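Computed from a predicted model, the values in this text were never measured in an experiment.
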Amino acid sequence: GVEVGPQPQGVARADVLDKMRKIVKHGLDFVQLFNEGKEFPPCTIEVFKIMEKVDYPRNKNGEIIAIIHPKLQDQDWQPLKNGDPQFLTLDGEVIPYQGDCTVYPTFINEAAYYEKKQAFVKTEKIQLTAKHLRLSVS
């Protein structure tokens, strides 16, 4: 499957649809070239690996007591370092990120995840290396 976003629920955006079409086209081009016997050289790619889901701060009754900090809002895939603003309480108190490594949040403040108790997902940036690839014909 291919998911390109984020975009609000029930909204069809031309720019997001165009990106999805390009990704699908590249995938189909790869399959065709692979099936024709083209050899692909080794490569390295940067990816984001999910570490954990982060919930909103809540009180003892399970009610949300803080929102995403404005400096974190709309910063998907951007580094979040120890001490950076993460949440803002309804009283105006900043709750900073406290971690021993830089993370890359995504799905920040997505409406579809409120019911899943997810403010964002912490990811880490890693490198994946693929060996050369070629169809082996028997």
Can you tell me if [X] uses its side chain to pair, donor with acceptor, with the backbone of [Y] under 3.5 Å?
{"X": "N109", "Y": "F120", "value": "no"}
{"X": "D91", "Y": "E93", "value": "no"}
{"X": "D84", "Y": "K81", "value": "yes"}

Q: Anything under 30° is parallel, anything over 60° is perpendicular, the rest tilted; go ahead and classify Y113 against F107.
A: perpendicular
What is the distance from atom [atom1] of [X] to atom [atom2] of [Y], rounded to the nearest 0.5 Å?
{"X": "K71", "Y": "L88", "atom1": "NZ", "atom2": "CG", "answer": "11.0 Å"}
{"X": "I23", "Y": "L28", "atom1": "CD1", "atom2": "CG", "answer": "12.0 Å"}
{"X": "L128", "Y": "K49", "atom1": "CG", "atom2": "NZ", "answer": "9.5 Å"}

Can you confirm whether [X] sits close enough to [Y] that some side-chain heavy atom of one is under 4.5 Å from a side-chain heavy atom of the other?
{"X": "E52", "Y": "K122", "answer": "yes"}
{"X": "E46", "Y": "K125", "answer": "yes"}
{"X": "E124", "Y": "V103", "answer": "no"}
{"X": "R58", "Y": "E63", "answer": "no"}
{"X": "T89", "Y": "I95", "answer": "yes"}
{"X": "I108", "Y": "I68", "answer": "yes"}

Quick check: is [Y] connected to [X] through a chain of hydrophobic side chains (ILVMFWY, heavy atoms under 4.5 Å apart)?
{"X": "L72", "Y": "Y97", "value": "yes"}
{"X": "V24", "Y": "L17", "value": "yes"}
{"X": "V54", "Y": "Y104", "value": "no"}
{"X": "V31", "Y": "L33", "value": "yes"}
{"X": "I64", "Y": "F87", "value": "yes"}

For [X], is the [atom1] atom crowded, meaning more than 12 foreign heavy atoms sit under 6.0 Å from it?
{"X": "I50", "atom1": "CD1", "value": "no"}
{"X": "D100", "atom1": "CG", "value": "no"}
{"X": "I45", "atom1": "CD1", "value": "no"}

Q.
Is it the case that the side chains of T123 and T106 hold a donor-acceptor pair, with the cut-off being a distance below 3.5 Å and no angle test?
A. no
Q) Which atom names give the shortest non-hydrogen contact between P96 and G83, and what distance separates them? A) CB-O, 3.6 Å
Q: State, to 0.1 Å, how close L90 and I67 come at their nearest heavy-atom pair, and which atoms those are.
A: CD2-CG2, 4.4 Å
Q.
Quick test of your reading: applying salt bridge (Lys or Arg N to Asp or Glu O under 4.0 Å), list the pairs with at least one residue in residues 20-36, sequence neighbours left out, ordered by first then second residue.
A. D18-K22, K25-D29
Q) Between Q118 and K53, is a side chain to side chain contact (heavy atoms under 4.5 Å, CB included) present by the stated rule, with each step listed? A) CA-CA 6 Å; Q118 179 179 312; K53 297 173 184 176; 3.2 Å; yes
Q | Stepwise side chain to side chain contact (heavy atoms under 4.5 Å, CB included) test for C101 and M51 | A | CA-CA 12 Å; C101 66; M51 298 169 67; 4.2 Å; yes
**Q.** Partners meeting side chain to side chain donor-acceptor pair (under 3.5 Å) with N82 (sequence neighbours left out)
**A.** none
Q: Test E39 against H132 for side chain to side chain contact (heavy atoms under 4.5 Å, CB included), laying out the working first.
A: CA-CA 7 Å; E39 184 170 350; H132 79 279; 3.1 Å; yes
Q) Step by step, would you call Y114 with Y56 a ring-ring contact (aromatic ring centres under 6.0 Å, His included)? A) CA-CA 9 Å; Y114 273 84; Y56 293 90; 5.2 Å; yes
